[in-house]
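Structure, as structure tokens:
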Amino acid sequence: MQELTTLSTLAVEINLLNEQVEHHKNQAVVYAARTGEKLLLAKAQCKHGEFGSWLNANCTVSARYAQNFMKLAVDMPELLNSNTNSSSYLGLKQALELLSAPEDVKTEVTAKIEAGEDVTIKEIQALKKQAAELTKSKQDAEQALFAVKQELDIAEVKIDFQKLAVDAVNQQNAELKNNSQQIIDAKVSEARANVLRENQQAISAAQLQLETVQSQLNKLKSSQNSQIELGVKKELQRYSSEIFQSERKIDSYNRDIAKLKHVENGLQKS
């Protein structure tokens, strides 16, 4: 296993590389990334919370630059293996400005540098601002779209509830209609039964009256025969008149009974 570089050796290397940053401004970003790589190794060997003190005591790099150099080594690892003789690099300040830039801005600026264009810090800042505004616009659009979707979802739920309410009302109307028809049928059946009962009572009463008149007629006829035998002509005429009247009543009762039976048959058929 490869032995870890000692902290004292790392301090020497960090200081030498930092000097290269100062002496090689064109390739400063490369040396800064390499310095950041060594700083990361040193930080890994320090106990928790001791790296800052060790840096101040052993290195010429400030704490702020140390943080930036380490971020360069992490975010731009391609710089670690770059050729320091090349001049197509970002300046250190441009590279540090790009650390907080989104990936699309980093890609755009890198492409311009590789094409030989000079990209200033202000241009990078402008690109970052545009990217931030674009991101904000996109977020606002997404929020607005989300709000619209929520409103649509709420509207769909309301429509579903309205459909359920309409279905419930239709069902209630159907039940009421069915119940109403049942009530009407029951009332008709009850009325028909009452008419049939009343007709039956009327027929029974007429038959009873008929029997009573028939009995009276039989008595009159018996009395008539007795009077004939006694030869009382006046009584015979009176009885004959009463018999005639009784026979007329019988005919009337028979007609009433026939009518009632006719009505009863019609109701039973309906």
- Are R255 and D251 close enough for a salt bridge, meaning some N to O gap below 4.0 Å? no
What are the two closest non-hydrogen atoms of [X] and [Y], and how far apart are they?
X	Y	answer
A32	L72	CB-CD1, 3.8 Å
L7	A42	CD2-O, 3.8 Å
A33	A73	O-CB, 3.4 Å
A66	V61	N-CG1, 3.6 Å
C59	N15	CA-OD1, 3.4 Å

Rounded at 0.5 Å granularity, tell me how far [atom1] in [X] sits from [atom2] in [Y].
X	Y	atom1	atom2	value
E108	Q130	CD	CD	8.0 Å
T35	N68	OG1	CG	12.0 Å
H48	K43	NE2	NZ	9.5 Å
L210	Y253	CG	OH	9.0 Å
Q245	E247	CD	CD	10.0 Å

Original post:
With no hydrogens and no angle check, do the side chains of T212 and S215 hold a donor and an acceptor under 3.5 Å apart?
Top reply: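 No, no side-chain donor-acceptor pair sits under 3.5 Å.
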Self-check item: Close side-chain approach of Q67 and K71, heavy atoms under 4.5 Å
Solution: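 A side-chain contact is absent here, since even the closest heavy-atom pair is not under 4.5 Å.
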key: Close side-chain approach of E50 and K47, heavy atoms under 4.5 Å   = yes
request  = Applying side chain to side chain contact (heavy atoms under 4.5 Å, CB included), run through L217 and I250 and close with a yes or a no.
outcome  = CA-CA 10 Å; L217 178 61; I250 290 171; 4.2 Å; yes
Ignoring hydrogens and angles, write down the donor-acceptor pairs under 3.5 Å from the side chains of residues 51-58, residues two or more places apart or on other chains.
residue : atom : partner : partner atom : Å
N56     : ND2  : G52     : O            : 3.3
N58     : ND2  : W54     : O            : 2.9

Check whether any side-chain N or O of S252 sits under 3.5 Å from a backbone N or O of R248 as a donor-acceptor pair, and report yes or no. no
Sorted by chain and number, sequence neighbours left out, side chain to side chain contact (heavy atoms under 4.5 Å, CB included) with P77 holds for none
Under 4.5 Å between side-chain heavy atoms, hopping through other hydrophobics if needed: is there a path connecting V74 to V29?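 Linked within one cluster.
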- Message: Do L134 and L127 sit in one hydrophobic cluster, given that two such residues count as connected whenever their side-chain heavy atoms are within less than 4.5 Å of each other, even indirectly?
- Response: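 Unlinked, L134 and L127 end up in two clusters.
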Only one of E37, K38, R34 passes side chain to side chain contact (heavy atoms under 4.5 Å, CB included) with E13, and that residue is K38
